[in-house]
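None of these values were measured; they are calculated from a predicted model. Just so you know, residue 1 is the first one in the sequence shown, and it goes up from there.
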Amino acid sequence: QVQLVESGGGLVQVGGSLRLSCAASGRTFSNYVMGWFRQAPGKEREFVAAISRSGASTFYADSVKGRFTISRDNAKDAVDLQMNSLISEDTADYYCAADYSVVPRTTPATYNYWGQGTQVTVSS
């Protein structure tokens, strides 16, 4: 089992920044690809970003590319999502997830463990 706890959500104005953090505990963190997903009201959960086990490779949804940065610290069992130039469409609940995989994947169903989510609201 891997336990994931997100933090850092909140209310921010359009154009602002937020940094989400996810703390992991349980099994060996570096064995897992880590991903961030989000779900807006009435919409399906969607991929935001993923990072390889070593942190050497990152992947982003087109909608956040150039604005969001995913990073991980395997020594601290943590993964972050730096979100810049936020827009109203970024408003959603954001979830951290762990995938026991060799390569990062973008499909939510492939991830084994999920956090409880943290809410991000971007206001104009």
*Asks:* With a 4.5 Å limit on heavy-atom distance, are the side chains of Leu86 and Leu18 in contact?
*Replies:*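 With C-beta onward as the side chain, the pair touches.
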*Asks:* Counting only heavy atoms not in Lys65, do more than 12 fall under 6.0 Å of its NZ?
*Replies:* yes
*Asks:* When you compare the side chain of Val122 with that of Gln13, does any pair of heavy atoms fall below 4.5 Å?
*Replies:*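 No; the side chains remain at least 4.5 Å from each other.
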*Asks:* Side chains of Glu6 and Cys96: closer than 4.5 Å at any heavy-atom pair?
*Replies:*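 Side-chain contact under 4.5 Å: yes.
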*Asks:* Examine Tyr100 and Val33 and state if one hydrophobic cluster contains both, with Ile, Leu, Val, Met, Phe, Trp and Tyr joined whenever side-chain heavy atoms are less than 4.5 Å apart.
*Replies:* no
*Asks:* Less than 4.5 Å apart, side chain to side chain, heavy atoms only: is that true for Ile51 and Val79?
*Replies:*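 Yes. Closest side-chain heavy atoms under 4.5 Å.
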*Asks:* Counting only N and O atoms by type, is there a donor-acceptor contact under 3.5 Å from the side chain of Asn84 to the main-chain atoms of Gly66?
*Replies:* no
*Asks:* Walk me through it: do Ser25 and Val2 pass the test side-chain contact (heavy atoms from CB on, under 4.5 Å)?
*Replies:* CA-CA 6 Å; Ser25 60; Val2 176; over 6 Å; no
*Asks:* Given Gln82, which of Ser71, Ser17, Ser21 fulfils the side-chain contact (heavy atoms from CB on, under 4.5 Å) condition?
*Replies:* Ser17
*Asks:* Looking at every heavy atom in both Gln116 and Leu4, which two are closest together, and how far apart are they?
*Replies:* OE1-O, 3.6 Å
*Asks:* Taking the side chain as every heavy atom from C-beta outward, state whether Asp90 and Met83 have any atom pair closer than 4.5 Å.
*Replies:*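 Sidechains of Met83 and Asp90: no contact.
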*Asks:* Quick one: which residue pairs count as a ring pair (Phe, Tyr, Trp, His ring centres under 6.0 Å) with a foot in residues 44-85, not counting sequence neighbours?
*Replies:* Phe37-Phe47
*Asks:* Kindly say whether Ser30 contributes a backbone atom to a donor-acceptor pair with the side chain of Thr28 at under 3.5 angstrom?
*Replies:*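 No; zero donor-acceptor contacts below 3.5 Å.
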*Asks:* Kindly indicate whether the side chain of Arg67, heavy atoms from C-beta on, has any atom under 4.5 Å from the side chain of Ile87.
*Replies:*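 Yes, side chains in contact.
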*Asks:* Between the side chain of Ser101 and the main-chain N/O of Val103, is any donor-acceptor distance below 3.5 Å?
*Replies:*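 Yes.
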*Asks:* State the CG-OG1 distance between Asp99 and Thr107, to the nearest 0.5 angstrom.
*Replies:*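 One finds 9.5 Å between CG of Asp99 and OG1 of Thr107.
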*Asks:* Looking at Tyr111 and Arg105, would you say the former's side chain and the latter's main chain have a donor-acceptor pair under 3.5 Å?
*Replies:* yes
*Asks:* Decide yes or no for Asp93 and Thr118: does some side-chain heavy atom of the first lie under 4.5 Å from some side-chain heavy atom of the second?
*Replies:* no
*Asks:* Find out whether Ser88 and Ser124 are in side-chain contact, i.e. whether some heavy atom of one side chain is under 4.5 Å from a heavy atom of the other.
*Replies:* no
*Asks:* Main chain of Ser57, side chain of Ser52: is a donor-acceptor contact present, judged purely on distance under 3.5 Å?
*Replies:* yes
*Asks:* Not counting sequence neighbours, which residues clear side chain to side chain contact (heavy atoms under 4.5 Å, CB included) with Gln39? List them please.
*Replies:*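 For Gln39 the side chain to side chain contact (heavy atoms under 4.5 Å, CB included) partners, ignoring immediate neighbours, are Arg45, Tyr95.
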*Asks:* Quick check: does any side chain N or O of Thr91 sit under 3.5 Å from a backbone N or O of Thr121, one acting as donor and the other as acceptor?
*Replies:*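 Checked: no pair found.
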*Asks:* Using the rule that two of Ile, Leu, Val, Met, Phe, Trp, Tyr join whenever any of their side-chain heavy atoms come within less than 4.5 Å, decide whether Val64 and Leu20 are in one cluster.
*Replies:*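 Result: yes, single cluster for both.
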*Asks:* For the residue pair Ala92 and Ala40, what are the closest heavy atoms and their distance?
*Replies:*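 For Ala92 and Ala40, the tightest heavy-atom pair comes out as CB-N, 3.8 Å.
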*Asks:* Grouping I, L, V, M, F, W and Y whenever their side-chain heavy atoms are under 4.5 Å apart, do Ile70 and Trp114 come out in a common cluster?
*Replies:*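 Not linked; separate clusters.
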*Asks:* Roughly how far, to the nearest 0.5 Å, is CG of Leu81 from SG of Cys22?
*Replies:*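 So the gap between those two atoms works out to 10.5 Å.
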*Asks:* Restricting to pairs with a member in residues 69-81, which pass salt bridge (charged side-chain N to carboxylate O under 4.0 Å, His left out), not counting sequence neighbours?
*Replies:* Arg19-Asp80
